[in-house]
Each structure stands twice: as structure tokens, then as C-alpha cells.
Amino acid sequence: MPDTPLITPPVTRFAPSPTGHLHIGGVRTALFCWAYARRHGGRFVLRIEDTDQKRSNQDAARGILEDLAWLGIAWDDGPEFAPAKGDGPAGNGPRLGGDSRGVGPFNQSQRLGVYQEYLDRLVEADLAYPAFETAEELAAMRAEAQARKETYRYSRRADYERAAALAEMGRRDEAGEPYVVRFCMPNAPVHVTDAVLGEIEFAEQHTDDFVIRKADGFPTYHLAVVIDDELMGVTHVLRGQEHLNNTPRHVALQHALTHPDGTAFRTPVYAHMPLIFNPDGSKMSKRDKDKIVRRVVKAEPDAQARCLPHATQQDLDAWLSDKTRQLPPETLLSLAAEFGIDLPEIDVEDFRRSGYLSEALCNYLALLGWTPGMKNDDGTDLERFDTAFLCEHFSLERIGKSNAKFDREKLAAFNQSAIAAFPADVFASTLREWCLRYDPELLEAFGDRFDLAARAAQPRIKTLRQCREPIGFALTADDAIEFDPKAVKKALHKGEPNGLAMLAEFRETLAAVEPFEPEQIEAAVKAFCESREMGMGKLAQPLRVAITGGNVSPGLGETLGLVGKASALARIERCLRECQPG
RNA sequence: GGCCCCGUCGUCUAGUCUGGUCCAGGACACCAGGUUUUCAUCCUGGUAACACGGGUUCGAAUCCCGUCGGGGUCACCA
């Protein structure tokens with residue numbers, strides 16, 4: 001279905017519930033909502049759906065704002081937020097959010113009065129009604145239906161007396177006793193037009209009279225979402241396909257609700273996006289992280305003892321015996337560190353910590369369920385692009401219909417090229433920001449050689465976290481380098497003259513190199529080899545072994561420059577002493 | 001189980017609406033070569049898919065029906 005020409009600019013919204021960091025699936029939803037608004041000169045609203053008092057918390061809400069800012073997804077209306085320097089593309093940018101249209105507040109918990117107003121009118125018009133069954137009674141009825149192999153559907157009892165029910169509602173309001181309000185689902189099929197999926201008809205007998213006001217007085221998601229979308233002028237609802245079955249409820253509510261002046265609610269354009277799964281087809285769940293750590297902990301014999309510094313015995317036992325239980329993120333992190341486990345990345349924060357760049361993440365995610373459908377000059381499909389491109393070309397009609405599996409390998413490939421594409425100085429400062437947050441020791445360890453370390457690592461890593469690998473030799477003490485016997489044999493013992501002899505000879509030359517920087521070092525090695533009419537490898541490989549213990553390392557100049565002249569000479573001396581044949 | 005959605009290489013996908021240009025193109029991964037002082041990068045080449053069965057048609061990945069498979073959802077969670 002083509003996107004209809006838009007007379008008025010669209011308004012999209014992203015409406016997470018603040019129960020933790022932003023889930024990777026939510027990122028894509030937010031990204032598309034934002035891109036769609038930008039593409040058509042509309043507005044992007046961020047709303048916090050905190051109507052579940054038990055699960056919502058303000059730290060999580062704050063975390064989600066940070067996550068979005070880091071990704072460079074800027075909201076026009078919503079909670080105010082000042083991006084910090086490390087917050088990706090939005091860092092040091094203008095303040096995010098605000099309420100220039102006067103449609104806030106944007107936390108649903110602050111809008112209770114609004115919902116109650118609409119709810120009252122619904123009850124008054126007999127489009128909704130109070131219900132007094134207890135949770136136990138409902139559970140019993142469900143069990144009964146289950147036994148008959150039927151799906152339980154709530155509907156108003158035939159002997160329901162409205163006057164008596166309203167009286168009871170009034171009494172309970174006075175007495176502060178709980179009850180719920182249910183919506184009268186109309187007895188007719190509901191048609192939904194979806195920009196991705198097309199026309200869908202939901203037969204009336206499959207949706208029951210659902211709760212719209214909970215016993216604690218809060219609205220349910222269904223009521224709140226419909227009222228807020230209307231009041232905030234939302235024209236396009238992009239969300240995951242898991243919400244498809246909720247849509248007839250929302251459409252029915254839109255038909256029933258009216259503004260105080262009598263005007264009707266409008267139905268927005270819906271676009272339900274395919275879901276994202278793990279490679280094995282399972283759901284990408286925050287619990288995956290707990291699952292993998294729990295498995296390791298259960299398998300380790302002395303696990304309990306090793307866990308205790310990180311968590312109380314009580315919490316641990318509860319967590320170990322209940323598969324649905326989650327440990328606080330920090331605890332999980334320290335346990336993972338304790339047992340050397342790589343946690344699967346699920347939330348934005350996980351990917352950020354693992355050293356993925358927001359550029360790569362956004363690019364990869366945009367491709368999960370959407371393609372620009374354009375070619376590069378060489379005829380290959382265009383799939384590397386930035387968010388500016390996305391904002392210019394995103395369209396609902398090119399959203400796919402089938403679910404996707406999340407492929408970390410491809411993400412890593414995107415990340416690697418994003419890293420490689422940075423100018424050296426930009427990469428160094430990107431890595432520095434990352435280290436500041438996740439690996440300050442590394443920053444400390446390299447000191448004024450940090451930029452060189454970044455330069456050596458840049459072409460060799462897929463994630464920022466991997467930066468220790470190619471330059472790890474520089475973090476080992478000179479006398480702690482372990483010489484790999486195979487490398488020693490190949491590079492130092494073979495040939496005539498052998499590598500050790502080359503090293504002994506080159507020592508003097510190296511000692512004279514000044515300044516001791518990659519370019520000068522490379523030049524010295526080159527000149528040395530040319531003067532003897534031999535290949536660079538004859539000297540380069542022995543040097544590698546002497547400095548790093550193995551035969552793989554960054555460029556020679558970088559490798560030597562990273563340890564510094566004193567260490568380089570010391571390592572060569574030690575190698576000469578300890579790696580003699582026999 | 002009811003309802004709803006989906007089904008092209010291992011994975012993400014182009015192509016499906018408007019049937020022929022598709023013995024199906026790209027990307028990631030994998031394999032083989034090449035460049036390079038090692039590694040990484042880079043370059044070249046290769047393996048690999050229209051779920052199945054009917055139908056419509058001169059012709060089907062593309063249209064129709066059925067089967068099978070996958071997913072979502074059936075809460076006082078969102």
C-alpha cells in the first residue's frame with residue numbers, strides 16, 4: 001500500500017514502559033517512528049507508559065532517555081533531557097523533548113485525571129461498566145473453560161443490572177474498595193487497515209469485554225494508549241506485530257470515545273512491524289542473560305562461594321530456583337565477570353558496553369525489516385547508510401512482513417567498517433569516551449600512548465571492547481612475556497643467519513632511533529633490511545616474537561612504539577637470553 | 001486449541017502488487033586464491049534458496065486453492 005499523501009504533517013510516538021533499559025526491538029520501533037516523522041516534516045513524541053505501578057521505575061525511564069539520546073534518536077515532544085558529551089550523535093546537542101504543543105505531561109502516571117474523565121463518560125453512556133469479580137473467581141472461570149477446551153472470554157452476565165452495579169460502584173468508591181471497569185466490546189467484527197499487513201478483519205467473538213480501569217484506579221494500557229494517542233495528535237502508530245491482536249480493541253475504543261465537545265476520536269494509520277528473534281528462533285528476552293549465567297553457576301562446583309561476594313545467599317537461592325527471576329543488572333554483570341561469561345546483548349546498554357557504535361547499530365537494525373530498495377553504483381544493493389539517509393528515505397511501504405533473526409555476525413561486520421571508516425583522531429576520541437565509561441584502566445595503562453594504541457587497534461577490531469586483544473602485549477610486563485615455542489622456532493631458530501642473530505645485530509640501530517615513533521621505527525627496519533638485501537620478514541618476525549612473544553601483531557612501528565624504546569630493548573635482551581636453541 | 005500474521009541461499013533480504021528481462025540479484029557468514037613484514041584490511045572467484053502439492057496460463061518465485069512449517073495472541077503486563 002503506498003503511503004498516502006500527507007496533508008498535515010504526521011505525528012508518531014514511541015511509548016516504552018520503563019521497566020529496564022531499552023530493548024533492542026524497541027530501538028528499531030523508535031528508529032522507524034522517528035525516521036517517519038523526520039521524512040515528512042512531522043513530530044516524534046516520546047511517552048512513558050508507566051501505568052504498571054509494580055514494574056515501572058524512574059531510573060529505567062531515565063535510562064531509556066539516555067539510550068535514545070546515545071543512538072541519536074531525538075524526540076520533539078516528551079520528557080526533557082539534556083544529552084551529555086558521551087551520548088553519541090546527540091552529545092552536547094540541543095535539549096531533547098519539551099511540550100511546545102501543550103499536549104503533556106508525557107508520563108501516563110501523571111495523566112490519571114484525564115483518563116478518569118473519559119472513563120466516566122464511557123460508563124455514563126453504558127459503553128463501559130463496573131465489574132466486581134475477584135481475581136480468584138476469574139481464574140476459576142478460566143480454568144473451567146480450559147477444561148472444556150475453550151478459550152475463556154469475559155462478557156457481561158445476562159442478569160447484569162446496570163443500576164445496581166452503578167450503585168455498588170459508588171459505594172465502593174466511597175469505601176475505597178476495589179473494582180474494575182470493563183469496556184463493552186461491540187457485537188460486530190472490527191476492520192483494521194494496516195500499512196504493512198493490509199486489511200484484516202477480526203470477528204467479534206474473539207475479543208471480550210476487557211478491563212480498562214484496574215483495581216488500583218490506573219487505566220490499563222488499552223485505554224491510556226488510545227486516549228493519549230488522540231490527545232497528542234498521533235497520526236501514525238508504528239509498533240511490533242505482538243500488538244496486532246490488540247488493535248481491534250483500540251479501534252473499538254476509538255469508535256466509542258468522544259471529546260468533551262462531542263467530536264469523535266480518529267483512528268491513526270497502523271503499521272505493525274515484524275518481530276526480531278534470537279538466531280535459534282527464541283525470543284530475545286532480557287531473561288536470556290540470567291539464563292546463561294544461571295546455567296554456568298549451577299554447573300560450577302564452588303559456584304556458591306564465588307557468588308556470595310556479589311549477592312546475598314537469599315537472593316541467590318531465589319534466583320537459582322526460579323527461572324523467571326532476574327538479578328539486578330549490576331549483580332548479573334559482576335557474576336558474569338567472576339565466571340568469565342560473555343553476556344548476550346539484549347538491551348541498548350548491553351550493545352554499548354560491548355563496544356558497538358550507535359551508527360552501526362542503527363544501520364543494522366534499520367535493515368531488519370526494512371530496505372531502501374536502492375542500488376549502489378556498482379550494482380550491489382544499498383545497505384550501508386546513516387540515520388540522515390534513513391530520515392530522508394524511510395517509508396512504510398518498504399517494511400517487510402516476516403520476522404527476522406538477529407545476526408550478531410552481520411552487526412559486527414557493520415561495526416567493524418564503521419570503526420575503520422573513522423579518521424584516526426576521531427576514532428581515538430571515540431575509544432577514549434568508551435573507555436572512560438567501561439574500561440578506565442585501559443585509558444590509565446596507556447597514558448600518553450593511548451592515541452597510538454587506538455591507531456594500532458582500529459583496523460583490527462570489530463567492537464571497541466576487543467581493543468585489548470591486538471595490543472595486549474603492551475600491557476604485559478617486560479619480564480612476563482611468554483615466548484611461544486612454535487613462533488620462536490620458526491622466527492628465531494631457522495635460517496642462516498637466524499632470527500636471534502638479526503635481533504642482536506639490529507639492537508644498536510634500534511637504540512639510535514629518535515624519536516621512537518612508528519614512522520621512524522619502520523624506516524629504520526626498512527633501511528636495515530635493504531642494506532642487507534633481504535626481505536622485511538627476516539627482521540620483522542624476530543622482532544615481533546621478541547616484543548610480543550608471538551608472531552602476530554599490529555604493524556611493526558606501532559608494535560615497538562607502543563611499548564617504548566626502553567621496553568623494546570629490554571624485551572629483545574631477554575629474548576636473546578631465553579630463546580637460544582636447545 | 002481458537003483467532004491473527006508470515007514462509008526466497010545458514011542469516012538479513014531484492015524480485016511478488018503491475019506473470020516473461022530470474023536455470024533468481026546483493027549483503028553477512030563460509031570456502032579457495034591474490035596483495036601485504038605477521039595479523040587485520042583490501043581484491044578476485046566459489047558453494048548456497050523460490051516450503052510442499054494442485055490449479056490458472058503459451059509462460060508462475062510472482063495469481064488462486066489446499067497442505068505443512070514458523071511466529072504472535074488469548075492478563076486487573078505493556
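Protein chains get the first letters and strands the later ones, always in sequence-line order, with residue 1 at the start of each.
- Here the separation of rU21(B) from rA40(B), taken at their P atoms, is 42 Å to the nearest Å.
- Taking the C1' atoms as reference points, rC42(B) lies 29 Å from rA24(B), given to the whole Å.
- Put simply, the side chain of T151(A) and the base of rG1(B) share a donor and an acceptor less than 3.5 Å apart.
- Side-chain contact between V563(A) and I547(A): present, with at least one pair of heavy atoms (C-beta onward) separated by less than 4.5 Å.
- No engagement by K490(A) is indicated, since no non-hydrogen atom pair under 4.0 Å with the nucleic acid exists.
- Within 4.0 Å (heavy atoms only), N246(A) reaches at least one base atom of the nucleic acid.
- Of the side-chain N and O atoms in K410(A), none sit less than 4.0 angstrom from OP1 or OP2 of rG26(B).
- Of the side-chain N and O atoms in K401(A), one or more sit less than 4.0 angstrom from OP1 or OP2 of rC6(B).
- Counting non-hydrogen atoms under 4.0 angstrom, V211(A) reaches the backbone sugars and phosphates but no base.
- Counting to the nearest Å, the C1' atom of rU37(B) and the CG atom of L503(A) are 14 Å from each other.
- Relative orientation of the H272(A) and Y270(A) rings is parallel, given thresholds of 30° and 60° on the angle between their planes.
- Across the protein-nucleic acid pair, R249(A) atom CZ and rA78(B) atom C1' stand 12 Å apart, rounded to whole Å.
- Within 4.0 Å (heavy atoms only), Q108(A) reaches no atom of the nucleic acid at all.
- For an aromatic pair to be called close, the ring centres must be under 6.0 Å apart, and F414(A) with Y356(A) fails this.
- Within the nucleic acid shown, Q146(A) has no heavy atom closer than 4.0 Å to any nucleic acid atom.
- Across all strands shown, S402(A) has heavy atoms under 4.0 Å from sugar-phosphate atoms exclusively, and none from any base.
- rG7(B) and rC12(B): their P atoms are spaced 12 Å apart (whole Å).
- Rounded to whole angstrom, the span from the CG atom of D381(A) across to the C1' atom of rC28(B) amounts to 13 Å.
- Using a 4.0 Å heavy-atom cutoff across all strands shown, R142(A) reaches sugar-phosphate atoms only and no base atom.
- The 12-atom threshold is exceeded at CZ of R148(A), counting heavy atoms of other residues, nucleotides or ligands nearer than 6.0 Å.
- The residue H272(A) sits apart from the nucleic acid: no heavy atom pair falls under 4.0 Å.
- rG46(B) and rG72(B): their C1' atoms are spaced 39 Å apart (whole Å).
- Judged by distance alone, with hydrogens and angles left aside, N376(A) brings no side-chain donor or acceptor close enough to the base of rG26(B) to form a pair under 3.5 Å.
- R455(A) has no side-chain polar atom (N or O) that falls below the 4.0 Å cut-off from OP1 or OP2 of rA40(B).
- Nucleic acid contact class of T371(A) (heavy atoms, under 4.0 Å, all strands): sugar-phosphate only.
- For the OP1/OP2 pair of rA29(B) and a distance below 4.0 Å, the side-chain nitrogens and oxygens of R408(A) include no atom meeting the criterion.
- Both tests hold for R213(A) against Y179(A): distance to the six-membered ring centre under 6.0 Å, angle to the ring axis within 45°.
- Atom CG of N403(A) and atom P of rG69(B) are 18 Å apart (whole Å).
- With P as the reference atom, rC4(B) and rU41(B) are 49 Å apart, rounded to whole Å.
- Proximity of R55(A) to the phosphate of rA75(B): no side-chain N or O atom is located under 4.0 Å from OP1 or OP2.
- Among the protein residues, N551(A) comes within range of the nucleic acid bases, having at least one heavy atom under 4.0 Å from a base atom.
- In this structure, D378(A) atom CG and rA27(B) atom C1' are separated by 11 Å, rounded to whole Å.
- L368(A) places its CG atom 16 Å from the P atom of rC28(B), with the value rounded to the nearest Å.
- Using a 4.0 Å heavy-atom criterion, one finds that R182(A) contacts the sugar-phosphate atoms exclusively.
- Contacts of E133(A) with the nucleic acid, taken as non-hydrogen atoms under 4.0 Å apart, include base atoms.
- At the heavy-atom level, A215(A) lies under 4.0 Å from base atoms of the strands shown.
- Using a 4.0 Å heavy-atom distance criterion, F277(A) is classed as a sugar-phosphate-only contact.
- Nucleotide rU11(B) forms a pair with rA27(B), judged by Watson-Crick or G-U wobble geometry with both contacts under 3.5 Å.
- A salt bridge is absent between R156(A) and D209(A); no separation between the charged side-chain nitrogens and carboxylate oxygens falls under 4.0 Å.
- Rounded to whole Å, the distance from CD on E204(A) to C1' on rC74(B) is 17 Å.
- Under 4.0 angstrom from either OP1 or OP2 of rA78(B) there lies at least one side-chain N or O belonging to T51(A).
- Contact check, Q241(A) against rC6(B): no side-chain N or O comes under 4.0 Å of OP1 or OP2.
- With a 4.5 Å cut-off on side-chain heavy atoms, H243(A) and Y221(A) count as touching.
- Rounded to whole Å, the separation between the C1' atoms of rC31(B) and rU37(B) comes to 26 Å.
- Rounded to the nearest Å, the gap between the P atom of rC52(B) and that of rU8(B) is 11 Å.
- rA14(B) and rC58(B) have their P atoms separated by 31 Å, given to the nearest Å.
- Note: Y160(A) and Y129(A) have perpendicular aromatic rings, judged against thresholds of 30 and 60 degrees for the angle between ring planes.
- Atom-to-atom, NZ of K375(A) to C1' of rG15(B) comes out at 9 Å; the value is rounded to the nearest Å.
- Residue-to-nucleotide contacts include a donor-acceptor pair under 3.5 Å from the side chain of R544(A) to the base of rU37(B).
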